[in-house]
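Lettering follows sequence order; numbering is per chain, from 1. Hydrogens, waters and symmetry mates play no part in the numbers below; they use all other heavy atoms, side chains included.
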There are 2 protein chains.
Amino acid sequence: MEDLLQKQGLKRTKLRMALLGYLFNSKHAQSYLDIKNALGEQVDKSTLYRNLGAFEEAGLIHRINDQSGMAKYAFGALHDHGNAHAHFVCESCETVYCIENANSSKINVPEGFKTKNVQTIIKGTCAAC
Amino acid sequence: MEDLLQKQGLKRTKLRMALLGYLFNSKHAQSYLDIKNALGEQVDKSTLYRNLGAFEEAGLIHRINDQSGMAKYAFGALHDHGNAHAHFVCESCETVYCIENANSSKINVPEGFKTKNVQTIIKGTCAAC
DNA sequence: AATGTAAATGCAACTAAGTTGCATTTACAA
DNA sequence: TTGTAAATGCAACTTAGTTGCATTTACATT
Ligand SMILES: [Mn+2]
Ligand SMILES: [Mn+2]
Ligand SMILES: [Zn+2]
Ligand SMILES: [Zn+2]
């Protein structure tokens, strides 16, 4: 867990350990506010955002834009490794779930277009709602 | 063209005709800034945003969130009519294309989840780049 | 253990997309 | 022509995220 930080050349600060642990244990994607509430009000905004950015760049987490206007973050970097997964956004409770193996099929793009990565947002109602 | 406005109970103002015409003739999705530059600096921000919202609600245009932090708009309302199409975002020139028939067929969601609508963002390099 | 240094933090100020309240103007129906 | 609801223009606001900079801290080296 914490060695993941070292392995990426990131110093093991208090906040980073807490942040990485929190996202690791989260069942679904968390927004900046979710994280701040979980880790404590005193967490600095800049530091938190910078660490989210650093983690993302290091491939420890991935960012999901569910068009709510607020990015959400989840452990794991499946997106950038070709193994893109889908995200389910519950329209009722706003929860964002990572969905593995959602789409198994072919995407057709016009001549000359080169697909690097496909991001799927599924909107609907989750099992809890 | 202009009768589309009346048909939706929207008054045919100068800006609305220009805006709808501009989006109709655009080959790809346009941001607020693109539109403002095209229609003239003097266009009011509130009015433009309110009209984009009104058009969207009326089903004349659709909004695309390509993760750039700035929404983009395109003519047509395919998204809300089950006939969702995909969007191709060129990582080099930032252009957003509407892609018909990209059709990723089957989407698998876990037990208890109900899919209402699927949005696909394809990232890659476009034919012009 | 003491120390040097680059990286990380904390704070405040900033940026930029989008929204809102309100007074004025305009499309259009009567 | 006129009444009125809808649209506009402007300024002030909101909010997610960023940036510059001085201070602190992780951690490698001695
Ligand atoms: Mn995910
Ligand atoms: Mn489209
Ligand atoms: Zn739900
Ligand atoms: Zn391109």
Side-chain angles (χ1 to χ4, degrees), chain A residues 1-22 29-58 60-74 89 94 96, chain B residues 1-23 29-58 60-73 89 94 96:
Chain A
M1 191 73 225
E2 299 163 7
D3 25 323
L4 286 177
L5 290 173
Q6 292 173 278
K7 201 169 288 185
Q8 300 297 329
L10 297 167
K11 290 184 182 171
R12 295 175 309 157
T13 66
K14 280 248 167 69
L15 176 63
R16 283 180 176 172
M17 318 246 268
L19 175 57
L20 193 58
Y22 177 66
Q30 307 289 322
S31 69
Y32 157 74
L33 280 181
D34 294 335
I35 297 167
K36 178 174 180 141
N37 288 337
L39 301 190
E41 281 302 322
Q42 78 290 353
V43 172
D44 181 68
K45 184 163 53 157
S46 307
T47 306
L48 185 40
Y49 273 116
R50 280 194 276 236
N51 281 325
L52 287 168
F55 284 10
E56 192 188 10
E57 211 161 337
L60 295 173
I61 66 175
H62 62 279
R63 181 195 312 240
I64 304 128
N65 198 324
D66 63 354
Q67 60 220 60
S68 72
M70 230 172 147
K72 293 187 176 156
Y73 304 85
V89 181
E94 310 275 276
V96 175
Chain B
M1 190 73 225
E2 299 163 6
D3 25 321
L4 285 176
L5 290 173
Q6 292 173 277
K7 201 170 288 184
Q8 301 297 330
L10 297 168
K11 291 185 181 169
R12 294 175 309 156
T13 66
K14 277 239 170 76
L15 177 64
R16 282 180 176 171
M17 317 246 267
L19 175 56
L20 193 57
Y22 176 65
L23 290 179
Q30 306 290 322
S31 70
Y32 158 73
L33 280 182
D34 293 334
I35 297 168
K36 179 176 181 139
N37 288 338
L39 301 191
E41 281 301 322
Q42 79 289 352
V43 173
D44 182 68
K45 182 163 56 159
S46 308
T47 305
L48 185 40
Y49 272 117
R50 281 193 276 236
N51 281 324
L52 287 167
F55 286 8
E56 191 187 10
E57 212 161 335
L60 295 174
I61 66 175
H62 62 280
R63 182 196 312 241
I64 304 129
N65 197 326
D66 64 353
Q67 208 123 336
S68 72
M70 227 170 148
K72 295 192 175 152
Y73 304 86
V89 181
E94 309 276 277
V96 175

Enclosure of B:Gln8 CD (heavy-atom neighbours >12, cutoff 6.0 Å): yes
Mind checking who C:dA23 pairs with, Watson-Crick or G-U wobble, both distances under 3.5 Å? D:dT8
Side-chain donor or acceptor of A:Arg16 paired with backbone N/O of A:Lys11 under 3.5 Å: yes
Taking the side chain as every heavy atom from C-beta outward, state whether A:Leu10 and A:Phe55 have any pair of such atoms under 4.5 Å apart. yes
Return no unless some side-chain N or O of B:Tyr49 is found under 4.0 Å from OP1 or OP2 of C:dG18. yes
Just checking A:Arg50: base, sugar-phosphate only, or nothing, at a heavy-atom cut-off of under 4.0 Å? base
In whole angstrom, what separates B:Arg12's CZ from C:dA27's P? 10 Å
Sub-4.5 Å side-chain heavy-atom contact between A:Leu19 and A:Leu52: yes
For residues B:Lys36 and B:Glu41, determine if any side-chain heavy atom of one lies less than 4.5 Å from a side-chain heavy atom of the other. yes
Residue mapping more 5' on DNA chain C - nearest nucleotide basis, B:Thr13 or A:Thr47: A:Thr47
5' precedence on DNA chain C between A:Asn51 and B:Gln6 (nearest-nucleotide basis): A:Asn51
Along DNA chain D, first and last positions that approach a heavy atom of chain A under 4.0 Å: D:dA16 to D:dC27
Across the strands shown, which category fits A:Ala71 at heavy-atom distances under 4.0 angstrom: base, sugar-phosphate, nothing? sugar-phosphate
B:Leu5 vs B:Leu60 side-chain heavy atoms within contact, under 4.5 Å: yes
